[in-house]
S.K.: 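The following block contains the structure, expressed as structure tokens.
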Amino acid sequence: MPELPEVETTRAGLAPHLTGRRVLAATLRRPDLRWPIAPEIAAELPGQRIDAVRRRAKYLLLDTAVGSALLHLGMSGSLRVLPGDTPVRAHDHVDLAIEGGHVLRFNDPRRFGCLLWQAADSVHPLLAGLGPEPLSDTFDGDYLFALSRGRSVAVKSFLMDQKVVVGVGNIYVAEALFAAGISPVREAGKVSRERYRGLADAVRAILGHAIARGGTTLRDFISPDGAPGYFEQELSVYGRGGAPCPTCGRVLKQAMVGQRATVWCGHCQR
DNA sequence: CGAGAGGCCTGAACGC
DNA sequence: TGCGTTCAGGCCTCTC
């Protein structure tokens with residue numbers, strides 16, 4: 001399931017193949033993913049040159065002069081650049097034929113992803129109101145502390161709120177909370193400034209490390225060149241409920257927090 | 001407004 | 001072996 005590092009890895013992998021090249025045609029094999037595919041993908045994108053491949057939160061944007069294709073990989077989506085005659089497989093929902101003979105192919109078994117359109121000089125509603133990027137200068141412990149005052153929600157849910165900070169999904173929030181020694185069920189408004197500083201540092205360090213390593217691979221992610229990532233074995237708590245804590249050896253707790261599977265150490269995280 | 005629940009979707013894992 | 005059930009999860013949307 002692509003989290004921010006996987007999306008960034010995808011962006012970096014796609015950019016050399018797409019930047020400066022024109023989209024020649026769009027092939028839609030079904031009309032919708034999570035939402036209907038934007039009509040502009042077929043009506044306006046063909047003929048346009050891709051000026052840049054950008055990322056905002058977990059969204060990818062293919063910028064052209066008239067607007068940007070806006071993609072989200074959802075949970076099971078992947079994008080690959082393939083020779084134009086590569087046979088189509090199950091769940092290959094969209095092809096963008098790229099100048100030079102290749103095709104950008106969007107595969108998404110669960111169809112939690114989307115392919116929308118952002119007109120030039122506008123901001124798509126899905127991108128409006130998003131919180132800061134976790135690796136930007138505006139994201140730090142002081143920011144989290146200030147925003148969390150009076151919030152009774154679990155700190156884990158708080159950190160996964162896209163209005164608070166983007167791109168911190170269920171895997172990395174578990175790892176960051178473990179690294180910072182904070183219980184995921186603690187009320188967001190009751191975490192001290194000092195501990196939020198540690199948490200922000202942990203988020204930065206873990207995401208930065210994962211990006212440098214090419215992203216975590218669990219079940220569904222395939223990086224653009226087809227090679228799987230290899231970060232999984234480094235996870236401390238995610239997916240390890242019932243196993244020993246890597247620090248103290250006690251059994252890791254598992255429970256649902258905010259309707260999400262959550263694992264933590266009741267001894268090391270308070 | 002905040003908090004929590006619901007829903008989308010399919011494949012893998014599991015139980016009988 | 002085969003089939004039904006459960007779970008997973010990003011994140012928008014609805015309800016209270």
Side-chain angles (χ1 to χ4, degrees), chain A residues 1-11 29-38 55-60 70-79 89-94 106-116 118 123-134 144 146-177 184-191 203 207 210 215-222 228-229 231-232 235 237-242 254-263:
Chain A
M1 42 227 70
E3 296 217 27
L4 188 141
E6 286 80 1
V7 179
E8 178 57 28
T9 299
T10 296
R11 188 205 63 74
R29 297 193 183 82
R30 58 172 302 132
D32 65 302
L33 298 171
R34 175 173 184 173
W35 297 295
I37 293 170
R55 178 187 63 75
R56 173 71 174 110
K58 294 181 188 173
Y59 294 91
L60 289 170
L70 180 63
L71 300 100
H72 196 293
L73 299 177
M75 288 206 39
S76 58
S78 63
L79 289 165
R89 297 190 294 193
H91 313 301
D92 283 340
H93 302 309
V94 179
F106 191 171
N107 180 288
D108 187 4
R110 292 177 207 182
R111 288 193 281 123
F112 275 28
C114 61
L115 178 48
L116 303 171
Q118 175 174 276
V123 175
H124 192 280
L126 290 173
L127 301 188
L130 289 178
E133 291 286 328
L144 288 177
L147 200 59
S148 62
R149 292 310 90 184
R151 297 288 300 271
S152 62
V153 72
V155 62
K156 183 201 179 189
S157 302
F158 177 70
L159 207 60
M160 292 182 72
D161 184 339
Q162 301 297 296
K163 295 187 290 298
V164 174
V165 60
V166 301
V168 184
N170 202 39
I171 299 173
Y172 293 102
V173 73
E175 297 299 304
L177 287 165
V185 298
R186 178 167 294 280
E187 285 186 32
K190 293 186 175 177
V191 175
V203 168
L207 290 179
T216 305
T217 289
L218 292 181
R219 299 182 185 85
D220 298 313
F221 180 70
I222 306 265
F231 191 60
E232 181 175 7
L235 297 173
V237 288
Y238 178 83
R240 299 192 62 243
Q254 177 151 1
M256 297 300 279
V257 178
Q259 296 176 290
R260 289 288 171 264
T262 304
V263 180

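Computed from a predicted model, the values in this text were never measured in an experiment. To find a chain, count down the sequence lines: A is the first, B the second, and so on, and within it residues start at 1.
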S.K.: When you get a sec, tell me which of B:dA3, C:dG10, C:dC12 is the closest nucleotide to the side chain of A:Lys58?
M.R.: C:dG10
S.K.: How is A:Arg34 classified with respect to the nucleic acid when contacts are heavy atoms under 4.0 Å: base, sugar-phosphate, or nothing?
M.R.: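 Base: the residue A:Arg34, judged by heavy atoms under 4.0 Å, touches a nucleobase.
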S.K.: Which nucleotide, B:dG6, B:dT10, C:dG10, lies nearest any side-chain atom of A:His91?
M.R.: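 Closest nucleotide among those given: B:dT10.
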S.K.: Would you kindly give the CZ-to-C1' distance between A:Phe106 and B:dC9, to the nearest whole Å?
M.R.: 13 Å
S.K.: Does B:dC9 have OP1 or OP2 under 4.0 Å away from a side-chain N or O of A:Ser76?
M.R.: no
S.K.: Using a 4.0 Å heavy-atom cut-off across all strands, classify A:Arg260 as base, sugar-phosphate, or nothing.
M.R.: base
S.K.: Counting the atoms with a prime plus P, OP1 and OP2 as sugar-phosphate, which does A:Tyr59 contact under 4.0 Å by heavy atoms, base, sugar-phosphate, or nothing?
M.R.: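 Sugar-phosphate only.
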S.K.: When you get a sec, tell me which of B:dA3, C:dC12, C:dG10 is the closest nucleotide to the side chain of A:Leu126?
M.R.: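 Selected nucleotide (nearest to the side chain): C:dC12.
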S.K.: Quick check for you: among C:dG9, C:dG10, B:dG6, whose closest atom lies nearest to any side-chain atom of A:Gln259?
M.R.: B:dG6
S.K.: Nearest 0.5 Å, please: how far is CD in A:Glu3 from CE in A:Met75?
M.R.: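 Rounded to the nearest 0.5 Å, the CE-CD separation comes out at 9.5 Å.
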S.K.: Out of curiosity, A:Asn107 CG to A:His91 NE2, how far, rounded to the nearest 0.5 Å?
M.R.: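 Spacing of CG (A:Asn107) from NE2 (A:His91) equals 7.0 Å.
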S.K.: What is the separation between atom CE on A:Met75 and atom P on C:dC12, rounded to the nearest whole Å?
M.R.: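 The answer, rounded to whole Å, is 15 Å.
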S.K.: May I have the distance from A:Arg55 (atom CZ) to C:dG10 (atom P), rounded to whole angstrom?
M.R.: 16 Å
S.K.: Using heavy atoms to find the nearest nucleotide of DNA chain B for A:Phe112 and A:Lys163 separately, return the residue whose nucleotide is more 5′.
M.R.: A:Lys163
S.K.: Expressed as a whole number of angstroms, how long is the span from A:Ile171:CD1 to C:dG9:C1'?
M.R.: 9 Å
S.K.: Could you state the atom-to-atom distance from CZ of A:Arg151 to C1' of B:dG4 in whole Å?
M.R.: 12 Å
S.K.: Could you state the CZ-P distance from A:Arg110 to C:dA8, rounded to the nearest angstrom?
M.R.: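 The distance from CZ of A:Arg110 to P of C:dA8 comes to 12 Å, rounded to the nearest Å.
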S.K.: Hey, which sits more toward the 5' end of DNA chain B by its nearest nucleotide, A:Leu33 or A:Ser157?
M.R.: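 The residue closer to the strand's 5' end, by nearest nucleotide, is A:Ser157.
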S.K.: Is any side-chain heavy atom of A:Leu126 closer than 4.5 Å to one of A:Tyr59?
M.R.: yes
S.K.: May I ask you to say what A:Gln162 touches in the nucleic acid, namely base, sugar-phosphate or nothing, with a heavy-atom cut-off under 4.0 Å?
M.R.: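 Counting heavy atoms under 4.0 Å across all strands, the contact made by A:Gln162 is with sugar-phosphate only.
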S.K.: Specify the separation, in whole Å, of atom CD of A:Gln254 and atom C1' of C:dC7.
M.R.: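 Taking atom C1' of C:dC7 as the reference, CD of A:Gln254 is at 11 Å.
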S.K.: Roughly how many Å is it from CG in A:Leu71 to P in C:dC11, rounded to a whole number?
M.R.: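 A:Leu71 atom CG is separated from C:dC11 atom P by 14 Å.
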S.K.: Please determine, for the side chain of A:Val153, which listed nucleotide (C:dA8, B:dA3, C:dG10) has the closest atom?
M.R.: B:dA3
S.K.: Given the rule in the side-chain contact (heavy atoms from CB on, under 4.5 Å) test, do A:Lys58 and A:Val166 qualify, once you have shown the distances and angles that lead to the verdict?
M.R.: CA-CA 8 Å; A:Lys58 294 181 188 173; A:Val166 301; over 6 Å; no
S.K.: Atom CD in A:Glu6, atom CZ in A:Arg11: separation rounded to 0.5 Å?
M.R.: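 If I round to the nearest 0.5 Å, the distance is 14.5 Å.
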